[in-house]
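Okay, so here's the structure we're looking at.
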There are 2 protein chains.
Amino acid sequence: MTCMGLHVRRASRIMTQRYDAAFRSVGLAPTQFTLLVAIHLLEPAAITQLAQELFTDQTTITRNIKLLEQRGLVAINPGDDRRIKLASLTVEGQAVLEQALPLWEQVQTEVKQHFGEEKWQTLLSLLAEVKTLS
Amino acid sequence: MTCMGLHVRRASRIMTQRYDAAFRSVGLAPTQFTLLVAIHLLEPAAITQLAQELFTDQTTITRNIKLLEQRGLVAINPGDDRRIKLASLTVEGQAVLEQALPLWEQVQTEVKQHFGEEKWQTLLSLLAEVKTLS
DNA sequence: TCATATAACATGTATATACATTTTATATGG
DNA sequence: CCATATAAAATGTATATACATGTTATATGA
């Protein structure tokens with residue numbers, strides 16, 4: 001059964017477990033790592049902006065960011081427009097991100113070696129192209 | 001940021017939404033459709049067997065199958081080894097699956113056309129190769 | 001045969017995810 | 001200026017997911 005939906009979900013689960021194992025020592029889930037990076041890049045980042053960048057529902061960002069806030073990794077401040085919530089990394093958030101980055105590089109390298117440079121690039125670009133479906 | 005983890009998770013979310021929309025009229029989530037198909041193919045299918053086939057944790061199968069059982073789409077019977085639970089489709093499960101199949105074909109066709117035959121095949125085979133990571 | 005190991009499944013707990021809807025603040029038209 | 005539309009975020013609800021652990025039934029070795 002060559003169902004694209006199944007294939008991509010399955011690959012996502014397997015890959016996620018791989019990254020999850022890598023980040024375990026810093027207590028970050030892969031999604032949380034991604035969110036920290038995104039906040040770092042867009043700082044100060046509005047919820048909606050993060051949702052657009054990550055192709056995730058706004059309500060998902062609201063909930064995921066709350067966990068990071070509760071853990072003290074992210075600070076939330078109101079924007080000039082007080083409907084907007086702006087997220088930025090706390091000092092501790094920056095520290096955790098810096099701890100996580102080499103772990104991320106490690107997995108990336110391992111997975112890249114597993115596939116080989118060419119397949120790695122092909123897979124990345126095809127996955128990126130999935131965005132054009134939405 | 002060319003993070004493979006992010007790319008595959010994002011593609012998974014987008015693709016899942018696409019299939020989800022397709023199945024909405026029969027009230028199936030993509031995962032549920034996949035599980036119905038797997039049960040149909042392996043019938044009668046043990047929980048652990050389904051987990052292995054789908055590369056999913058056993059506890060996830062236990063929970064997902066329970067929803068299908070409650071809805072009357074799947075029947076669970078003990079095996080000769082009474083630790084084992086065997087799942088099979090009910091008449092209603094078969095009916096729903098038959099309703100869902102053309103919807104599935106439809107999405108498959110649309111997505112395949114979007115990518116083109118060649119990229120579609122490449123993506124499928126690269127995603128399948130992700131299994132070798134685990 | 002009985003104690004113990006192991007296999008199959010279930011439960012507790014936690015995160016991720018999205019749709020439908022609600023709340024609150026800003027924008028806009030009359 | 002006020003009524004209404006719209007934008008941003010939060011809440012209610014439901015599924016999917018996995019790890020750690022518990023429960024129960026079978027297998028195995030002394």
Side-chain angles (χ1 to χ4, degrees), chain A residues 5-6 8-21 23-24 27-36 38 44-52 54-71 73 76-87 134, chain B residues 5-6 8-21 23-24 27-36 38 44-52 54-71 73 76-87 134:
Chain A
L6 171 58
V8 69
R9 281 185 288 114
R10 185 163 51 193
S12 174
R13 286 198 307 272
I14 293 169
M15 199 71 83
T16 297
Q17 280 179 271
R18 186 85 176 206
Y19 282 78
D20 190 54
F23 292 134
R24 198 152 302 156
L28 285 181
T31 305
Q32 296 175 334
F33 171 77
T34 300
L35 192 46
L36 284 183
I47 306 269
T48 296
Q49 192 183 5
L50 289 166
Q52 283 168 354
L54 299 174
F55 283 74
T56 304
D57 195 87
Q58 165 262 312
T59 65
T60 300
I61 300 291
T62 292
R63 275 154 171 148
N64 291 354
I65 222 170
K66 187 164 291 178
L67 293 174
L68 297 176
E69 190 191 7
Q70 286 169 351
R71 214 174 121 188
L73 305 184
I76 309 285
N77 294 294
D80 289 341
D81 180 336
R82 283 176 314 175
R83 289 173 297 183
I84 294 180
K85 285 191 163 183
L86 295 171
S134 66
Chain B
L6 172 58
V8 69
R9 280 186 290 113
R10 185 163 53 194
S12 174
R13 287 197 307 272
I14 293 169
M15 199 71 83
T16 296
Q17 279 179 271
R18 188 83 176 207
Y19 281 80
D20 191 55
F23 292 133
R24 198 153 302 156
L28 285 181
T31 304
Q32 297 175 334
F33 171 76
T34 299
L35 192 46
L36 284 184
I47 306 270
T48 298
Q49 191 184 5
L50 290 166
Q52 283 169 353
L54 300 173
F55 281 77
T56 306
D57 196 86
Q58 166 261 311
T59 64
T60 300
I61 300 291
T62 292
R63 273 152 173 149
N64 291 355
I65 223 171
K66 188 164 293 177
L67 292 174
L68 297 177
E69 191 191 6
Q70 287 169 351
R71 215 175 119 189
L73 306 184
I76 309 285
N77 294 293
D80 289 340
D81 179 337
R82 283 176 314 175
R83 290 173 298 183
I84 294 180
K85 285 189 163 184
L86 295 172
S134 63

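Letters go in sequence order (proteins before strands), and every chain restarts at 1.
Counting only residues at least two apart or on different chains, the side chain to side chain donor-acceptor pair (under 3.5 Å) pairs with a member in residues 60-71 of chain A are A:Q58-A:T62.
Toward the 5′ end of DNA chain C lies the nearest nucleotide of B:I84, the other residue of the pair B:I84 and B:R24 mapping further downstream. Comparing B:T56 and A:I65 against DNA chain D, the residue whose closest nucleotide sits nearer the 5' end is A:I65. When the nearest nucleotides of DNA chain D are assigned to B:T60 and A:T62 by heavy-atom distance, the more 5′-ward of the two goes with A:T62. Between A:F55 and A:D81, the one whose closest nucleotide on DNA chain C sits nearer the 5' end is A:F55.
Here B:T56 pairs with A:R13 under the side chain to side chain donor-acceptor pair (under 3.5 Å) rule; sequence neighbours left out. With sequence neighbours left out, B:R83 forms a side chain to side chain donor-acceptor pair (under 3.5 Å) with B:D81. Residues satisfying the side chain to side chain donor-acceptor pair (under 3.5 Å) criterion with A:T59, sequence neighbours excluded, are A:D57.
Nucleic acid contact class of B:I61 (heavy atoms, under 4.0 Å, all strands): none. If you check every strand for non-hydrogen atoms under 4.0 Å, A:T31 touches sugar and phosphate atoms only. Heavy atoms of A:T48 sit under 4.0 angstrom from primed sugar atoms or phosphate atoms, though from no base atom.
Residues from residues 12-21 of chain A that place a heavy atom under 4.0 Å from any atom of DNA chain D, listed by number: A:R13, A:Q17.
Scanning atom types as modelled, no donor and acceptor separated by under 3.5 angstrom connect the side chain of A:R83 and the base of D:dA9.
Taking every nucleotide of DNA chain C with any atom under 4.0 Å from a non-hydrogen atom of chain B, the first and last of them, 5' to 3', are C:dA7 to C:dC19.
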Mind running side-chain contact (heavy atoms from CB on, under 4.5 Å) on A:R9 and B:T34 for me, showing each step along the way?
CA-CA 11 Å; A:R9 281 185 288 114; B:T34 299; 2.7 Å; yes
Evaluate the side-chain contact (heavy atoms from CB on, under 4.5 Å) criterion for residues B:I14 and B:R10: first the C-alpha distance (whole Å), next the side-chain angles of each, then the deciding distance (0.1 Å), finally the verdict.
CA-CA 6 Å; B:I14 293 169; B:R10 185 163 53 194; 4.1 Å; yes
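Atom CD in A:Q52 sits about 12 Å away from atom C1' in D:dA7, given to the nearest Å. Remark: C1' of D:dA7 and CZ of A:R82 are 15 Å apart, rounded to the nearest angstrom.
The shortest non-hydrogen separation linking B:A29 to B:D20 is CA-OD1, 3.9 Å.
Rounding to the nearest 0.5 angstrom, the gap separating the CG atom in B:L6 from the OG1 atom in A:T16 is 10.0 Å. Here the OG1 atom belonging to A:T31 is positioned 9.5 Å from the CD1 atom belonging to A:I61, to the nearest 0.5 angstrom.
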